[in-house]
Structures are given as C-alpha cells and as structure tokens.
Protein chains: 2
Amino acid sequence: MKPESPMLNDPMPLTPIASAPQAEPEKRVRDRGATEKAILNAAKALLAEEGFQNFGINAVARKAGCDKQLIYRYYGGLNGLVDAIGADLGTWVKDRIPEDTGGMFLLTYGDLMERLSLLFLQALRDDPLMRRIVAWEVSENTEQVRRLSEARSKALAAWLERMRGSLAPPKGVDAVAVNAILIAAIQHIVLSASAGGQCAGLALKASKDWDKAEAALKRIVRGVYG
Amino acid sequence: MKPESPMLNDPMPLTPIASAPQAEPEKRVRDRGATEKAILNAAKALLAEEGFQNFGINAVARKAGCDKQLIYRYYGGLNGLVDAIGADLGTWVKDRIPEDTGGMFLLTYGDLMERLSLLFLQALRDDPLMRRIVAWEVSENTEQVRRLSEARSKALAAWLERMRGSLAPPKGVDAVAVNAILIAAIQHIVLSASAGGQCAGLALKASKDWDKAEAALKRIVRGVYG
DNA sequence: GCCTGATGTCGCCGCCCGGCGACATCGATT
DNA sequence: AATCGATGTCGCCGGGCGGCGACATCAGGC
C-alpha cells in the first residue's frame, strides 16, 4: 500500500463547501457564536425542508457544514438543539402575524375569530417549519416533541390572549373547545394540503381552492360566533 | 453444521401470540395462506401500535415471526404490503360505523352531518390503525402513503355518499368545503389527543373532556347547517 | 518563548436497516 | 423411490445512524 506520505491527511478531503450550496460560504474561523448560529439555522432549515423523518445529528451536522461533535458540545445533543428551536418559537407569532387589526374595527367576538382564523391559516401556510412541527406533534410522543409542542402551544395561547383584548365570547358558548376545534381544522387543512394537495376530497392547490376553504372557514366561524 | 433439533425453530422466539391476540397460535406448517395473513396482520398491528416511524421490513417480519424474505416473495416488498393494507381499508367503514340511523329520523342535512361527525369522531378514536395512517398522510408524501391515502379517501367518500341518501345540503353552502374542514377538525382533534392528550389548550383525556369537544363540534355543525 | 484551554476535525464502534443470494425442508406428482 | 417446485431459513453485504474518544489547531495569558 502507501509508504507513509509526509502529510497525514489530504488537504481537501471532501469538498465541504461545494457540496453545501445552501448556506453562505462564510469562513467561520473559531467563532463559537457563529458556529452555534449556523447549527441552529441548519437544524431549522433541515426540519422545515425534510421533515422530522430524517432529522438527526448527522444530517444537521452535514447541513451546517461542521462536525457533529460540535452539536454535542454546544447543545448537549439533539435534545438540547430541539430545545433551542423551541425557544425560537416564542418569537414566531410576532414575526409572522401582525398585531394590529389591519385598519378594521373588531366589534364582536365573531369579527375577531374570523380574522384570527384567516391570519392563522395564512401564517401556517407560509411557514414550513411550523408545519413540520405540527405534523411531528401528531406523529410521535417523544420527549423532544413534547418540548417543542409545549413551546408552540404557549406561544399560540399568548398570541390569542393578546389579540383577544377585552372582547368576550358569547354567553353559552364554550369558546375554548370551539376554538380548539377551529385551530385543529386549520392545522389539519394546511398539513393535508402541504402533504397531498387535498383534504377529504377538497383540492387545495390553486389559490381558488384556498378561496373556497377560506369562505367555508369564515362561514363556520360566523355560524358559531355570529 | 446444525445439531439438528427435532423442532425446526424455537417455538417462542418473541412471544408472537401474546402480543398478537388476533391470530390463532397455529403452527403454520407450509401454509402460504396462513403465512400471508400472519404477515398482513402483523403489519397492521405494528403500524397501529408503533406508528409509521419504525415500520419496515425487518420489524414486520419480527412481529409476524417469519423471515423477511417471505414478505418479498408474497407481497413484493413493503410497497405491496402497504397496498394490501390499503385494500383492507375499503371494508373499514362498514365494520366500524353503523349504516342505519340508530332509530333516529334524519330530517335535515344538519341532522345528518351532526350524526356523521360524531360517528366519525368515535370511529377514529376507536381505531389506532386509522389514526396512524392519518398521521402518516400529513407527515410524508411517498408512494406508499399516497396509495394508502387514496384508499382511505375513497372509502370515506363512499361512506359519506351512502349515508347522505337523498338529503341535500342547504343552498348557498359549499358543502364539500365545509365538510372537508369538519373532517379535518375531527381528524386533527383525535390525532392531537392521541399523541399529546390535548389540542390547543383543550385537554382531551377524560371522557368529560370529550363531552366538551363533542358539544362544541355539534354547535359548529349546527351553526353552519342549521 | 511556552503552556493551557477553547475550538474544530477525524475516525472508530456497535447497531439496525433494506435487499438478496444460497440453502434446507417439505409435499405432491411421477 | 426420485424429482421438482413451493415454502421457509440463514447469513452476508453495503450503508446510515448515534455516540464518543483521540487528536489537530489556534488564541491568549504567563
């Protein structure tokens, strides 16, 4: 075989940049903060793009362009990394959903919930990471997912509470239960559309399909909240 | 060389019968039909119990107590096995959901949809296999899942059509879209409950929790269909 | 200069996966 | 009895995974 070459390893062992076209080719030279950010961003991007199925230490390290050992050192493994993702979810709502009323005056609880439903629908449609997390939540019950789920649930509840203001639901309606069903419907519609382009016989691809879905959703909200 | 034991293999390699109460403990001695059934039942049980995450050739063969090679021979691999599961789904509805009206007269479309919603909710809650399939559908978009999804969708649509009878939805309501949202809501509520015991802040464990959810669902159906 | 700790890298380990070739065993037909 | 196809079993292969020990490289204090 080889008689002991002077340099013990090839200087370009696996062309790390050429095979990772997605991220910026920044030379992170011993900058722990930047490396941590790169790992976190890679994890979020990987989860958003590939889903939780192939989400693992090796895949994240590949995507981040760093060694997987750093994930263990900086985040204590996948669990810690998932916690870090969860910590970001608290800021999701304020990044994604406007807090003002868009120039409308929301006079009734029905006005409010109609608007919130459509906002939530749109926000979910626009956020692949959130969709993957929701799909993950209904598919597994591991420690990782429980933490993510809790973070998401809190963020959503806080947002709802903030938007609600002083409006109270109509008497005699169990708003918590009804809203849970509405949220469930929105989440499942978006997930189904994202996965298969349709839900229970309703096509969900073209924008006119979504117009139908939104109209039906509005009608449902108005039917229950007036 | 084997010291040739009289019985060809260990009679209880992994307690296949105790964990698979559906099949008979018969020694399948060169009975292809029985082996095929054992494989199919093992696949369904495995999917129902463990979910699609660990669903694979090796796991099914272990659960069925046979060699994985037989899965390739008899079903052409996992895809064929999944197709066989899908073929069973066509009979799901008639096994699970009564076709009669339970002694009620369904006078209006609202009566019908209220009853169907509650029936569908209950049927899903009672069927872990179906739940896993639904979760699978919103988590992946592989060939396997598409076939399962199509089978399930057709079975559900056929059941709805059969139950609908001559009742027509109210004018001015896009029943397809509204019903898709209702089905989405039911599916997601059940999945969330099954995975985490709650959905959007609504606990879904005790039966009184489910009473709340059912009341809210009824209210929503009545709100939109009268 | 030199040492030390922080940062980044390499390569090994054991495990399980899907896929498949090769073989063993049985039953029926001849 | 001999044969042959159907049925069942065994073990290998390449590969990816999580986990981690050992090492290389650099920055900064002394």
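Because the structure is predicted, anything quoted here is derived from the model rather than measured. Below, chain A is the first sequence line, B the second, and so on; all start at residue 1.
- If you take CD1 of B:I39 and C1' of D:dG8, they are 11 Å apart, rounded to a whole angstrom.
- Rounded to whole angstrom, the span from the CD atom of A:Q69 across to the C1' atom of C:dC13 amounts to 14 Å.
- The distance between atom CG of B:L78 and atom P of C:dG18, rounded to the nearest whole Å, is 7 Å.
- Picking from C:dC10, D:dG19, D:dG8 the nucleotide with the shortest atom distance to the side chain of A:D67 gives C:dC10.
- The pair B:K218-B:E214 fails the salt-bridge criterion, with no side-chain N (NZ, NE, NH1 or NH2) lying under 4.0 Å from an Asp/Glu carboxylate O.
- As rounded to whole Å, 17 Å separates atom P of D:dG16 from atom CD of A:Q53.
- The minimum heavy-atom distance between B:A59 and B:N54, with the atom names listed, is CB-O, 3.5 Å.
- At the phosphate of D:dT7, OP1 or OP2 sits under 4.0 Å from a side-chain N or O atom of B:R32.
- Contact annotation: A:T35 reaches the phosphate of C:dG8 (side-chain N/O to OP1 or OP2, under 4.0 Å).
- The distance between atom CG of A:N79 and atom P of D:dG18, rounded to the nearest whole Å, is 12 Å.
- Considering only side-chain N and O atoms, A:Y72 lies nowhere under 4.0 angstrom from the phosphate OP1 or OP2 of D:dC20.
- Taking atom OH on B:Y75 and atom P on C:dG19, their separation rounds to 17 Å, with Å as the unit.
- A:L70 has its CG atom 15 Å from the P atom of D:dG19, to the nearest Å.
- Using the six-membered ring where Trp is involved, B:W136 and B:F55 have ring planes that are perpendicular, over 60° apart on the 30 and 60° scheme.
- The side chain of B:N58 places an N or O atom within less than 4.0 Å of a non-bridging phosphate oxygen (OP1 or OP2) of C:dG18.
- Taking OG of B:S117 as the start and CZ of B:R115 as the end, the distance is 11.5 Å to the nearest 0.5 Å.
- A salt bridge links A:E143 with A:R147; the closest basic N to acidic carboxylate O contact falls under 4.0 Å.
- The CD-P distance, from B:E50 to C:dC17, rounds to 12 Å in whole Å.
- If you check every strand for non-hydrogen atoms under 4.0 Å, B:I57 touches sugar and phosphate atoms only.
- Heavy-atom distances to DNA chain D give each of A:R73 and A:N54 a nearest nucleotide, and the one nearer the 5′ end belongs to A:N54.
- Among the nucleotides C:dT7, C:dG11, C:dC20, the one closest to the side chain of A:K68 is C:dG11.
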